[in-house]
Amino acid sequence: MTTDRQARIRRIWDTICDIPQGSVASYGQIAEISGIPHGARQVGYALRHLSDTHEVPWHRVIQTSGRIAFDKGSAQFEEQSQRLLMENVAVISGRVDMQKFRWQPDLDELLWKPSSAWDEQ
DNA sequence: CCATTGACCGGCT
DNA sequence: TAGCCGGCCAATG
């Protein structure tokens with residue numbers, strides 16, 4: 001039996017899996033595409049409870065300001081930075097240039113996974 | 001049921 | 001750039 005919250009979390013993971021290599025998305029962006037308005041914090045929750053960190057590209061999710069969410073000294077911060085650098089996403093002083101690297105799903109992708117994120121911008 | 005907590009967000013100083 | 005603050009809302013105790 002699948003509860004609502006499990007389905008919700010799975011949707012969040014699915015959306016994150018759609019972020020292409022070399023791009024990043026914000027927590028709020030993932031929430032909206034997943035059909036959870038104002039659900040940025042839920043995205044954080046879903047990520048924190050990731051068991052198989054190899055299946056989901058969690059490192060491509062950062063704050064809307066471009067900052068990595070982890071504390072700058074932490075091991076997690078370092079790992080996320082490394083993973084991003086590995087796919088040519090520039091991390092400078094713990095932040096990413098959102099103008100350059102933010103994921104912008106096109107029509108095909110939205111059709112592929114219908115959502116309520118048409119009116120961004 | 002109430003209070004606190006978050007891998008958040010946006011506006012304002 | 002940095003901090004503060006109110007808003008947000010599911011999960012947790």
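A quick note: this is a predicted structure, and the numbers were derived from the prediction, not measured. Note on naming: letters A, B, ... go to the chains in the order of the sequence lines (proteins, then strands), and numbering restarts at 1 for each one.
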**Item:** Nearest-angstrom distance from the residue atom CD of A:Gln6 to C1' of C:dA10
**Value:** 14 Å

**Request:** Round to the nearest Å and state the distance from A:Tyr27 atom OH to B:dA7 atom C1'.
**Result:** 4 Å

**Prompt:** If we take the C1' atom in both C:dG13 and B:dC1, what is their distance in whole Å?
**Reply:** 12 Å

**Prompt:** Considering only heavy atoms from C-beta outward, does the side chain of A:Glu79 approach that of A:Trp58 to under 4.5 Å?
**Reply:** yes

**Asked** C:dC9, C:dT12, B:dA7: which one has an atom nearest the side-chain heavy atoms of A:Trp58?
**Response** B:dA7

**Separation of B:dC8 P from A:Met98 CE (nearest whole Å)** = 13 Å

**Message:** Taking only side-chain N and O atoms of A:Tyr45, does any of them lie within less than 4.0 angstrom of OP1 or OP2 on C:dT12?
**Reply:** yes

**Asked** Is any side-chain heavy atom of A:Tyr27 less than 4.5 Å from a side-chain heavy atom of A:Leu47?
**Response** yes

**Message:** Just to be sure I understand the rule, does A:Ser26 reach a base, reach only the sugar-phosphate, or reach nothing, if contact means heavy atoms closer than 4.0 Å?
**Reply:** sugar-phosphate

**Prompt:** Side-chain N or O of A:Arg8 less than 4.0 angstrom from OP1 or OP2 on C:dA11?
**Reply:** yes

**Prompt:** Out of C:dC8, B:dA7, B:dC9, which nucleotide sits closest to the side chain of A:His38?
**Reply:** C:dC8

**Asked** Rounded to the nearest 0.5 Å, how far does CZ of A:Arg11 lie from CD of A:Gln42?
**Response** 11.5 Å

**Item:** Residue mapping more 5' on DNA chain B - nearest nucleotide basis, A:Thr64 or A:Phe70
**Value:** A:Phe70

**Request:** Tell me which of A:Arg67 and A:Arg5 sits closer to the 5' end of DNA chain C, going by the nucleotide each one is nearest to.
**Result:** A:Arg67

**Request:** For B:dT5, take OP1 and OP2 only and decide whether either is under 4.0 Å from a side-chain N or O of A:Arg48.
**Result:** no

**Message:** Rounded to the nearest 0.5 Å, what separates atom CD in A:Gln29 from atom OG in A:Ser34?
**Reply:** 10.0 Å

**Item:** Under-4.0 Å side-chain N/O to phosphate OP1/OP2 contact, A:Gln63 with B:dC8
**Value:** yes

**Item:** For A:Val56, the option from A:Ile19, A:Ile16, A:Val61, A:Asp14 that meets side chain to side chain contact (heavy atoms under 4.5 Å, CB included)
**Value:** A:Ile16

**Fill in**
note: A:Glu32, atom CD; C:dC8, atom P; distance rounded to Å ~ 15 Å

**Complete:** The nucleotide from C:dT12, B:dA7, C:dC9 with an atom nearest the side chain of A:Gln42 is C:dC9

